[in-house]
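Worksheet: the structure to be examined is printed underneath.
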Amino acid sequence: MDGTTGLEEADSGQGSAMTKWVYGFGGGQAEGGAEMKALLGGKGANLAEMSALGLPVPPGFTITTEVCTFFNEKGGSYPEGLDAEVAAALAAVETETGASFGDPDNPLLVSVRSGARASMPGMMDTVLNLGLNDKTVEGLAKQSGDARFAYDSYRRFIQMFGDVVMGVDHHVFEEILELHKEDRSVTLDTELSAEDWQAVIKDYKAKIIEEAGESFPQEPMKQVWASISAVFRSWSNVRAATYRRLHNIPDDWGTAVNVQAMVFGNMGEDCATGVAFTRDPSTGANLFYGEYLVNAQGEDVVAGIRTPQHLTLAGKQANHSKLPAMEEVMPEVFGQLDEVRQKLEQHYRDMQDIEFTVQRGTLYMLQTRNGKRTASAALKIACDMVAEGLITEAEAVARIDPASLDQLLHPTLDPAAQRRTIARGLPASPGAASGRIVFSADAAEQQAGSGETVILCRVETSPEDIHGMHAAKGILTTRGGMTSHAAVVARGMGRPCVAGAGELRIDYKTGTMRVRDVVLNEGDLVTLDGATGEVMAGEVPTIEPELSGDFAKIMGWADEVRRLGVRANADTPEDCRIALQFGAEGVGLCRTEHMFFDANRILAVREMILAESPQGRRKALDRILPMQRQDFAEIFEIMQGQPVTIRLLDPPLHEFLPHEEAEMAEVAAAAGASVDHMRQRVIKLSEVNPMLGHRGCRLGITYPEIYEMQARAIFEAAAHAMMECAAAVVPEIMVPLIAIEKELDLLKALIDRTAEEVMKAEGVTIPYIVGTMIELPRAALTADRIARAAEFFSFGTNDLTQTAYGLSRDDAGNFLPAYEERGIIETDPFISIDRDGVGELVRIGVERGRATRPEIKLGICGEHGGDPASVTFCHKVGLDYVSCSPYRVPIARLAAAQAALAEQDSTLTTGAAGTA
Ligand code: PEP
Ligand code: MG
């Protein structure tokens, strides 16, 4: 959504004689067109466009969204001059159809339908068959030669009007209808005769007087105005308002109202109604795809009472249907429809979703719009349309919604499978997984080791659980938000994750997880959908992702136009391999903490923490050094000269210490310390608020040996890679959580000193740079000073969001959803960057950093680096690259391309802005 209302003209012109409120269409002409969606709504704009194209559209007119706004603002009144415009437009419809409104011999019947700028399926009201009354119904019966049809149409109208306009619940009408059917001993509506329908109508009318206190209006103009008002009012009903909130549709857009001559698909066996897509919306194949019903109205297709039949023979065969295809039953009309299909695609240059009706062998088009499609269909259609010469490569790139690529990068639940949803949490990491419940990381590792597929279920996770998270197929937590440890790590690993499913209660002691009366035990099967946040009992089959040729083609085109670099947040050789496979151009963040948790190292790490003196610490660190060196060497080798940003240790030390008594005893024994000493150390190191505590560079300042060891490991690994594999290696050493320039001065000196020592010892020159994360407001504000020492900045927008808002990353999930619901915030700022606050800090950091050091390299490595809207922001603010989890690299590449394209051509609508 672009946020503009398109109502500026209306504001200045409300009530003035200059404003045009009604736009007519029909007979191969139209006053409006597809570009007028803001004013005419999607349906109205496209009806006008189709009419102007010469397609068979029943004539009608559209009352603009500005009238809706006026109506809502002025307590249900209409602008001056509207009635005259409506009367004139209606007269034009009469001329075009040759029928007259209210004429007992040749009555014009119309529909009144809503049509907003963005599609809001089924949220607002519709009234059909207006113009029918006790007299015109007889005219319709005569004209159609089918009294049964005429009275059925009349009762449908009374029913809809009674419900939508007069507020009589539709159940009331259904009950009456059921009584009549019982009376006649029939089960189907179609078995009722004209006389039966007349009796039903009589009862309907009596019921309306009883319930609404007034009678059903016979005067057609009264029917029309009452229906128009009801549709405008339905913009504000609870259902529509909720839909708008969920889909970010502004309340002030308003709906248009379309009044259109009725055509009937239920006048006999030479009539039909149907819906179709100009290409297959699930595979994208260039095949006409749709369904129809003979002798039916549109609502019958959707209602699912009768089984719709396939449009084409191919569709019928592919679906093993026995019912005849339209291609067989009405070959001539089908031929016309197929021509319309081609015309629409040529004109709109996109796959269309259409609705049509056949009345007595004549085809009428009732709607067209860009069709919704799966991600793989979107790729195929875009590539095919480039090959067909319909669109350019740039348009193809612009058209794909980057976020939808997620569907293709992870296994997903088989849409045909049944789901038994027991709880919901946050959709923290996409993909789907089924497996047996385990409640600890060790159990996950153990059972996965013996071939079991497991889902790790925790209240929350901590760095100690990494091995279990890795071993599990999916991760579920009952506490924590979108940037909680579980969420971040799961996204990085590409594991599906549902976080903060608060309805679930996990009891580690009894090994159970319960929600209401459902109790699941360790070992029970559970399924997670990380894309929706659903938790399901039992196993639901999944389907594997497939990266087709079209995917690669679109990515190639995207890479040609984007300016932003795209790197990956990758901690392990495995992450790096996946990142390269997805097209990453380097590592933007290698978090080194997980390396400390490795089962072989944790003892040495704990000894280091327990040591009383720098010497003691060094001794322990000496044992970790070769292992760290090996980690980095492998990463340099895999990345083959691509830049690698390695961040020095960030989390507080107490996270590495054990908390269970037995574990403490084991570690104490190994470290030669007493359990008591160990306990004291844990107490001493624990903090009230570790997120704001002794972490990041503060550790490096107080325990310089740790950073020195890490720097040495990096340089030795680089020297090794340069000598052994002739790979060009440029390590970028990154210091976390800098707030004060002096912190960086001190640590840079330590890193430079270490570099010199290694280079001297190894006899090589290693090109390297030292930079910092900007993840605290003070760092952003003093970026000019920090840039004196920093050769690059990487914006850590996870912490920057946390500190700018004063909002704990791990606890925000408890109340942010309520903030979103109440409209206090539009989106979770941990998911999509808050441009006004956090974004402003980034902008200031960029500006001030560049003022000191124009060539400074600028990137982002917070979770926002993989969010399309945030990537657009990063492009605009002038960053050099974004870095995100390996699985989001293709999304970032596409979003970066769209940001560049939008800059070149402001008329291009991009997928990131929300198409279809
Ligand atoms: C950040 O704060 O944005 C960041 C990338 O670091 P981490 O998530 O490891 O704190
Ligand atoms: Mg951080």
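Values below: all heavy atoms of this structure, side chains included; hydrogens, waters and symmetry mates excluded. We count ligands from 1, going down the list as the structure has it; atoms in each ligand are counted the same way.
Under a 4.0 Å criterion applied to the non-hydrogen atoms of Arg809, ligand 1 contributes the atoms 2 (O), 7 (P), 8 (O), 10 (O). Residue-ligand proximity, Arg647 to ligand 1, at heavy-atom distances under 4.0 Å covers atoms 4 (C), 6 (O), 7 (P), 9 (O). Close approach to Gly796 involves these atoms of ligand 1, each under 4.0 Å from a residue heavy atom: 1 (C), 2 (O), 3 (O). Within the listing of ligand 1, atoms 10 (O) sit less than 4.0 angstrom from a heavy atom of Arg695. Within ligand 1, the atoms closer than 4.0 Å to a non-hydrogen atom of Leu589 are 5 (C), numbered from 1 in the order shown. The contact set between ligand 1 and Cys861, taken as ligand atoms under 4.0 Å from a residue heavy atom, comprises 5 (C).
Listed here is the closest heavy atom pair of Met595 and Gln628: SD-NE2, 2.9 Å. The minimum heavy-atom distance between Pro573 and Ile635, with the atom names listed, is N-CG1, 4.3 Å. Nearest heavy-atom pair across Ala896 and Leu564 is CB-CB, 3.9 Å. Residues Leu589 and Arg591 share a closest heavy-atom pair of CD2-CZ, 3.6 Å.
Here the shortest heavy-atom distance to atom 7 (P) of ligand 1, taken over Glu775, Arg591, His485, belongs to Arg591.
Classification of the Phe632-Phe636 ring pair by plane angle, with boundaries at 30° and 60°, yields tilted. Between Phe715 and Tyr768, the ring planes lie perpendicular to each other; the angle is over 60°, past the 30° to 60° tilted range.
Shown here are the protein N/O/S atoms lying under 2.8 Å from the Mg ion (ligand 2), water excluded: Glu775 OE1, Asp799 OD2.
In this structure the side chain of Gln898 never reaches within 4.5 angstrom of the side chain of Thr872, judged on heavy atoms.
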Review point. Given the rule in the salt bridge (charged side-chain N to carboxylate O under 4.0 Å, His left out) test, do Arg567 and Glu732 qualify, once you have shown the distances and angles that lead to the verdict?
Key: CA-CA 13 Å; Arg567 299 194 192 180; Glu732 301 179 350; 3.0 Å; yes
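By the neighbour-count criterion of 12 heavy atoms within 6.0 Å, atom CZ of Arg785 is sparsely surrounded, having that number or fewer from other residues, nucleotides or ligands.
The shortest N or O to N or O distance between Met773 and ligand 1 is not below 3.5 Å. Close N/O approach between Glu593 and ligand 1 is not found [any backbone or side-chain N/O within under 3.5 Å].
Geometrically, Arg835 does not engage Phe873 in a cation-pi contact, judged by NZ or CZ lying under 6.0 Å from the ring centre and within 45° of the ring axis.
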